[in-house]
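Here it is: the structure, laid out below.
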Amino acid sequence: MRVLGIIPARGGSKGIPRKNLKLLHGKALLAYTTESALESKRLSRVILSTDDEEIAETGRALGVEVPFIRPSELANDTSPTFPVVMHAVRQMENDGFLFDAICLLQPTNPLRRAEDIDACVELFETSGADSVISVLPVPHQYNPKWVYWRDAAGDMVLSTGENSPVSRRQDLPPAFHREGSVYVTRRAVLDSHGDLYGGKVLGYEIEPERSVNVDTKEDWDQAEKMLTAGVGKF
């Protein structure tokens with residue numbers, strides 16, 4: 001199975017300026033993701049999608065391919081991820097590289113390991129799923145069977161649509177949310193569904209103690225603490 005690894009890293013960042021190049025525990029944030037991607041045994045190629053020449057040069061120095069520069073309209077604060085992925089897919093296919101799946105690896109999740117990537121690809125290949133995503137367990141108090149929406153009339157409605165909540169914590173089914181480190185998606189699903197998920201989605205659990213999504217200064221400080229404490233192999 002041919003899997004294209006895509007690392008999206010734009011130059012702009014409001015929360016943490018120049019975040020992808022900022023040193024985290026002595027290394028550029030971008031370096032953590034490029035290293036795990038290049039160490040993966042299941043990715044056929046790994047490319048960096050960026051609008052920024054300095055990030056492109058850093059990526060090349062780290063050993064990752066930068067076969068194109070992303071258009072600026074796909075690199076602003078409101079740019080969704082899917083069009084960025086599709087731009088990369090089409091660029092690579094126009095250059096003659098065909099593949100069965102893509103693996104999206106966002107630099108804001110620096111603690112993911114090569115083993116996590118390979119495990120997701122392995123699960124994807126053996127299961128026949130449309131996609132595999134890394135997930136974290138939802139604390140029981142936020143389980144959908146206990147969570148209410150407020151409707152237009154102001155009434156509280158269970159998010160599941162059921163009439164009453166599960167009464168005992170022990171009877172709650174396990175619930176999960178996207179963790180963000182790894183997304184593996186079948187190439188055909190990108191066209192047929194117009195998203196990274198498709199119809200059959202499987203989850204690969206990441207241990208909560210080694211998961212962080214760096215979006216704010218507080219997240220950054222948490223990542224520094226985790227790396228200082230020896231979380232991950234970095």
Side-chain angles (χ1 to χ4, degrees), residues 3-72 74-81 84-85 87-88 91-92 102-118 120-121 134 178-184 206-234:
V3 182
L4 174 66
I6 302 174
I7 302 173
R10 65 189 184 92
S13 175
K14 284 186 175 180
I16 304 172
R18 305 295 287 166
K19 174 170 58 180
N20 286 304
L21 297 179
K22 184 177 171 66
L23 296 185
L24 175 67
H25 202 63
K27 292 195 301 192
L29 178 65
L30 177 64
Y32 293 91
T33 295
T34 57
E35 288 174 7
S36 62
L38 294 172
E39 288 173 10
S40 165
K41 296 178 175 62
R42 297 305 308 269
L43 299 182
S44 305
R45 287 178 72 176
V46 180
I47 64 168
L48 174 66
S49 169
T50 185
D51 63 311
D52 188 279
E53 287 290 351
E54 186 179 3
I55 291 177
E57 285 302 313
T58 299
R60 294 185 187 102
L62 290 166
V64 69
E65 294 183 58
V66 189
F68 54 83
I69 295 297
R70 192 199 310 175
S72 58
L74 292 177
N76 56 52
D77 290 330
T78 59
S79 297
T81 301
V84 173
V85 169
H87 174 263
Q91 288 289 318
M92 297 303 291
I102 65 98
C103 179
L104 175 66
L105 302 167
Q106 301 182 106
T108 45
N109 294 75
L111 300 184
R112 140 239 307 114
R113 302 167 178 164
E115 292 89 342
D116 297 321
I117 299 170
D118 290 342
C120 286
V121 174
S134 56
R178 293 179 306 170
E179 188 268 343
S181 288
V182 186
Y183 298 77
V184 183
I206 297 281
E207 296 93 337
E209 60 271 16
R210 65 179 183 88
S211 174
V212 63
N213 188 326
V214 179
D215 188 45
T216 66
K217 183 181 181 303
E218 290 73 24
D219 299 332
W220 189 278
D221 292 342
Q222 178 63 20
E224 283 276 11
K225 290 178 183 177
M226 294 169 77
L227 287 162
T228 299
V231 174
K233 69 177 186 60
F234 299 103

One should read off an interatomic distance between Gln222 CD and Leu111 CG, to the nearest 0.5 angstrom, of 9.5 Å
State whether the side chain of Arg112 and the backbone N or O of Ala37 hold a donor-acceptor pair below 3.5 Å, judged by distance alone.
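Not a single qualifying donor-acceptor pair exists.
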What is the distance from atom CG of Leu24 to atom CG of Leu227, rounded to the nearest 0.5 Å?
5.0 Å
Side chain of Ser44, backbone of Val3: donor and acceptor closer than 3.5 Å?
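Answer holds: yes.
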Going from OG1 on Thr216 to NZ on Lys19, what distance comes out if it is rounded to the nearest 0.5 angstrom?
9.0 Å
Heavy-atom pair of closest approach, residues Leu48 and Gly59:
CD2-CA, 3.9 Å
Whether Asp221 and Lys225 form a salt bridge (side-chain N of Lys/Arg under 4.0 Å from carboxylate O of Asp/Glu) is what I want to check.
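Between Asp221 and Lys225 there is no salt bridge, as every charged N stays at least 4.0 Å from the carboxylate O atoms.
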Please assess Glu65 against Val46 for the test side chain to side chain contact (heavy atoms under 4.5 Å, CB included), listing each intermediate value before the final yes or no.
CA-CA 6 Å; Glu65 294 183 58; Val46 180; over 6 Å; no
Hey, is the main chain of Leu30 close enough, under 3.5 Å, to the side chain of Thr33 for a donor-acceptor pair?
no
Value rounded to 0.5 Å, distance of CE in Met226 from CD in Glu209
8.0 Å
Check whether any side-chain heavy atom of Cys120 sits under 4.5 Å from a side-chain heavy atom of Tyr183, and report yes or no.
no
Indicate the atoms forming the closest heavy-atom contact of Pro107 with Ile7, along with that distance.
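So the two residues come closest at CG-CG2, 3.7 Å.
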Counting C-beta onward and ignoring hydrogens, is there a side-chain heavy-atom pair between Gln91 and Pro67 closer than 4.5 Å?
no
All heavy atoms of Ala31 vs all of Leu62, minimum pair found to be CA-CD1, 3.7 Å
Are the side chains of Leu105 and Thr34 in touch, meaning some heavy atoms are under 4.5 Å apart?
no
Using a 4.5 Å cut-off on heavy atoms from C-beta on, say whether the side chain of Asp52 contacts that of Arg18.
yes
Donor-acceptor pair, distance only, cut-off 3.5 Å: does the side chain of Arg10 make one with the backbone of Gly12?
yes
Report yes if some heavy atom in the side chain of Thr50 is under 4.5 Å from a heavy atom in the side chain of Asn20; otherwise report no.
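Heavy-atom side-chain distance check fails, nothing below 4.5 Å.
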Do Glu53 and Ile69 come within less than 4.5 Å of each other through their side chains, counting heavy atoms only?
yes
Value for CD1 (Ile16) from CG (Asp219), rounded to nearest 0.5 Å, stands at 7.0 Å
Output yes when a side-chain donor or acceptor of Asp51 lies under 3.5 Å from a complementary backbone atom of Gly11, and no otherwise.
yes
Between Asp118 and Arg42 (side chain of the first, backbone of the second, donor and acceptor by atom type, cut-off under 3.5 Å), is there such a pair?
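Pair found, side chain donor or acceptor close to backbone of Arg42.
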Asn213 side chain near Gln106 side chain, heavy-atom distance below 4.5 Å
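Counting from C-beta outward, Asn213 and Gln106 never come under 4.5 Å.
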So, are Arg210 and Asp116 salt-bridged, with charged N and O less than 4.0 Å apart?
yes
CG of Leu21 to CD of Glu54: how many Å apart, nearest 0.5 Å?
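Leu21 CG to Glu54 CD: 5.0 Å, rounded to 0.5 Å.
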Within the structure provided, determine whether Asp215 and Thr108 are in side-chain contact (heavy-atom separation under 4.5 Å).
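Heavy-atom side-chain distance check fails, nothing below 4.5 Å.
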Compute the ring centroids of Tyr32 and His25, then answer whether they are less than 6.0 Å apart.
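No - the distance between ring centres of Tyr32 and His25 does not fall below the 6.0 Å cut-off.
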Looking only at heavy atoms, the pair that brings Ala114 and Ser40 closest together is CB-N, 3.8 Å
Side-chain (Ser134) to main-chain (Val182) donor-acceptor, under 3.5 angstrom:
yes
If you take all heavy atoms of Trp220 and Leu23, which pair is closest and at what distance?
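Closest approach of Trp220 to Leu23: CZ2-O, 3.2 Å.
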When you check the side-chain N and O atoms of Glu179 and Ser181, is any donor under 3.5 Å from an acceptor?
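Yes, side-chain donor-acceptor contact under 3.5 Å.
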Determine the minimum heavy-atom distance between Ile117 and Cys103, stating which atoms define it.
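For Ile117 and Cys103, the tightest heavy-atom pair comes out as CG2-SG, 4.1 Å.
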